[in-house]
Participant: 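Before I ask anything, here is the structure I am working with.
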2 protein chains.
Amino acid sequence: MSAAEKKALEKKSKSIHAIQSELENTNRIALSVDCVIFGFDENKLKVLLIRSDLKKYSGKWSLLGDLVFPKEDLDDAAYRILKQRTGLSDVYLEQVHTFGAVDRHPAGRVVTVTYCSLINVQHHKINILDNELHWHDVQTVKDLAFDHQQIFDTCLKQLQKRVQEHPLGFNLLPKKFSLRDLQNLYEAILDVKMDRRNFRKKFFTMDLLIDLNEMEQDAPHRPGKLYKFNFEKYEKKQKKWVGIDF
Amino acid sequence: MSAAEKKALEKKSKSIHAIQSELENTNRIALSVDCVIFGFDENKLKVLLIRSDLKKYSGKWSLLGDLVFPKEDLDDAAYRILKQRTGLSDVYLEQVHTFGAVDRHPAGRVVTVTYCSLINVQHHKINILDNELHWHDVQTVKDLAFDHQQIFDTCLKQLQKRVQEHPLGFNLLPKKFSLRDLQNLYEAILDVKMDRRNFRKKFFTMDLLIDLNEMEQDAPHRPGKLYKFNFEKYEKKQKKWVGIDF
DNA sequence: ATTTAATGTGTAAATTAAACACATTATCGA
DNA sequence: TCGATAATGTGTTTAATTTACACATTAAAT
């Protein structure tokens with residue numbers, strides 16, 4: 001992380017507090033963005049959290065958030081915050097939900113728009129600055145600051161739903177991956193066990209994996225073949241399926 | 001519509017303009033809610049629109065929106081606005097997306113949270129006050145004010161997706177309906193034709209329709225049986241299906 | 001070399017979706 | 001009144017998809 005980014009980060013951590021009196025006086029609504037940044041490491045789904053800087057919530061973890069600038073597009077704000085905190089700029093980022101309970105933030109009336117992002121933990125060295133940032137297993141995330149537990153739960157559910165309908169998971173994997181890697185990812189995100197042979201069949205039928213004719217290295221046993229995802233082919237085919245199922 | 005509601009409506013139509021100078025001076029963000037209210041009538045999916053009150057957009061139609069009060073929950077604001085405009089209070093209402101481009105509103109920086117709602121046109125007499133409100137066929141909606149076309153498109157897509165996964169459609173039908181009514185609804189929302197016999201089989205297999213042992217009245221030909229939806233049974237069963245399909 | 005723990009490849013059964021045909025019932029008009 | 005009309009109501013047959021399950025192959029570790 002550059003010095004400039006570090007500075008921007010410190011500046012941020014005060015920004016919501018700084019407007020507290022202003023919020024109370026003007027009787028107006030402030031707008032923030034919170035990012036739920038998912039990663040995948042050691043065959044577990046992770047989420048990046050930051051230690052809360054509010055005394056009321058000291059010791060608790062919270063999501064990465066910041067105020068939206070008055071003349072900044074909402075989506076731009078989300079990308080800016082993601083970039084500030086992780087250095088990432090070329091990743092999947094999707095709006096999930098907006099949380100607007102009156103008392104959701106102790107500093108005053110702050111409505112927050114939540115974005116969800118998936119990054120590859122190995123590809124991007126996150127600066128664990130002053131132990132403020134930490135990758136948590138999603139399984140053990142609990143008791144977050146503010147209403148962040150609710151936000152996190154919503155985003156995880158959305159991720160589980162979306163990952164079944166779109167190839168989001170590939171952003172979490174290395175460029176070259178084995179089918180076992182892919183299955184581990186899906187099992188971690190969806191929290192289910194799948195049949196290895198049917199899983200394999202499923203993806204081969206989709207015909208969206210490119211066989212790289214390479215093998216895993218340093219596998220403890222028989223190495224598997226390596227693949228990459230055919231994003232181009234996926235973009236071309238537009239699904240138009242209609243069914244009723246509830 | 002009561003006099004009080006009429007007054008509230010008139011007051012509203014100025015509210016965004018009133019804050020224009022304030023927005024410019026304070027350099028802050030205002031928050032609004034826009035409602036996309038879907039209805040169903042004459043076997044067509046409709047959407048309730050209001051004539052734009054801004055000169056810049058005179059003659060164009062727009063969604064029903066209003067500013068969120070500083071000390072009002074976001075969801076409450078959505079229900080308040082829906083109630084103000086339609087008198088409805090006990091309906092399905094769901095947040096869809098938040099739109100926050102800097103220049104999306106001519107009055108200044110207004111970020112808007114969009115909600116989608118489904119109501120039964122016949123059950124709720126909407127006061128078409130001064131020709132300001134009108135039910136439009138969704139098929140012919142185009143060229144809305146502001147970024148409302150984009151918002152509408154997003155909501156329609158979301159509706160089409162959600163209606164396949166949840167029994168939302170029943171809110172648009174009378175309490176007693178025939179299977180033909182139900183199929184007409186789905187065909188209108190999804191914009192597809194379905195096989196009558198397979199459609200029927202689908203819903204009978206779900207076992208969520210209650211046979212009322214009544215027949216349609218005044219049908220031009222052989223009348224069909226009437227049913228109602230078993231909401232209680234639906235609430236009890238929780239779907240936990242996992243699959244990958246993209 | 002043998003063991004071990006993976007990968008890689010099918011096949012059969014069950015379930016679900018799609019395509020399709022005909023008898024039944026009420027209305028309408030001659 | 002009676003046939004024509006235009007719906008509803010009830011299958012069956014076929015195809016496609018999902019699920020369950022078995023065995024040979026490969027490389028590493030001992």
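Predicted model only: the values in this text are computed from it and were never measured.
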Participant: Using side chain to side chain donor-acceptor pair (under 3.5 Å) as the criterion, list what pairs up with A/Lys233, not counting sequence neighbours.
Facilitator: A/Asp207

Participant: Whole-Å distance between D/dG9 P and B/Tyr227 OH?
Facilitator: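 Rounded to the whole Å, the gap is 6 Å.
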
Participant: Can you check the A/Met194 CE to D/dT18 P distance for me, whole Å?
Facilitator: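 In whole Å, D/dT18 P and A/Met194 CE are 12 Å from each other.
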
Participant: What's the CZ-P distance between A/Arg200 and D/dT19, to the nearest Å?
Facilitator: 18 Å

Participant: So what does B/Arg180 hit on the nucleic acid, given a heavy-atom distance under 4.0 Å: a base, only sugar-phosphate, or nothing?
Facilitator: sugar-phosphate

Participant: Between A/Asp195 (CG) and D/dA22 (C1'), how many Å, whole number?
Facilitator: 11 Å

Participant: Before accepting this row, confirm whether a basic side-chain N of the pair B/Asp137/B/Lys44 lies closer than 4.0 Å to the acidic partner's carboxylate O.
Facilitator: yes

Participant: Between the base of C/dG8 and the side chain of A/Arg196, is there a donor-acceptor distance below 3.5 Å?
Facilitator: yes

Participant: Name the residue closer to the 5' end of DNA chain C, choosing between A/Arg222 and A/Lys201 according to the nucleotide with the nearest heavy atom.
Facilitator: A/Arg222

Participant: Whole angstrom is fine here: how far is it from CG in B/Asn198 over to P in C/dC20?
Facilitator: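 B/Asn198 atom CG is separated from C/dC20 atom P by 11 Å.
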
Participant: Decide, yes or no, whether a salt bridge links A/Arg104 with A/Asp147 under the criterion of side-chain N to carboxylate O below 4.0 Å.
Facilitator: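 Yes, A/Arg104 and A/Asp147 are salt-bridged.
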
Participant: Would you please indicate yes or no on a ring centroid separation below 6.0 angstrom for A/Tyr186 and A/Phe203?
Facilitator: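 Distance test on ring centres: under 6.0 Å, yes.
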
Participant: Is the phosphate of C/dG8, meaning OP1 or OP2, less than 4.0 Å from a side-chain N or O of A/Arg197?
Facilitator: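 Answer no for this pair, as no side-chain N or O of A/Arg197 is under 4.0 Å from OP1 or OP2.
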
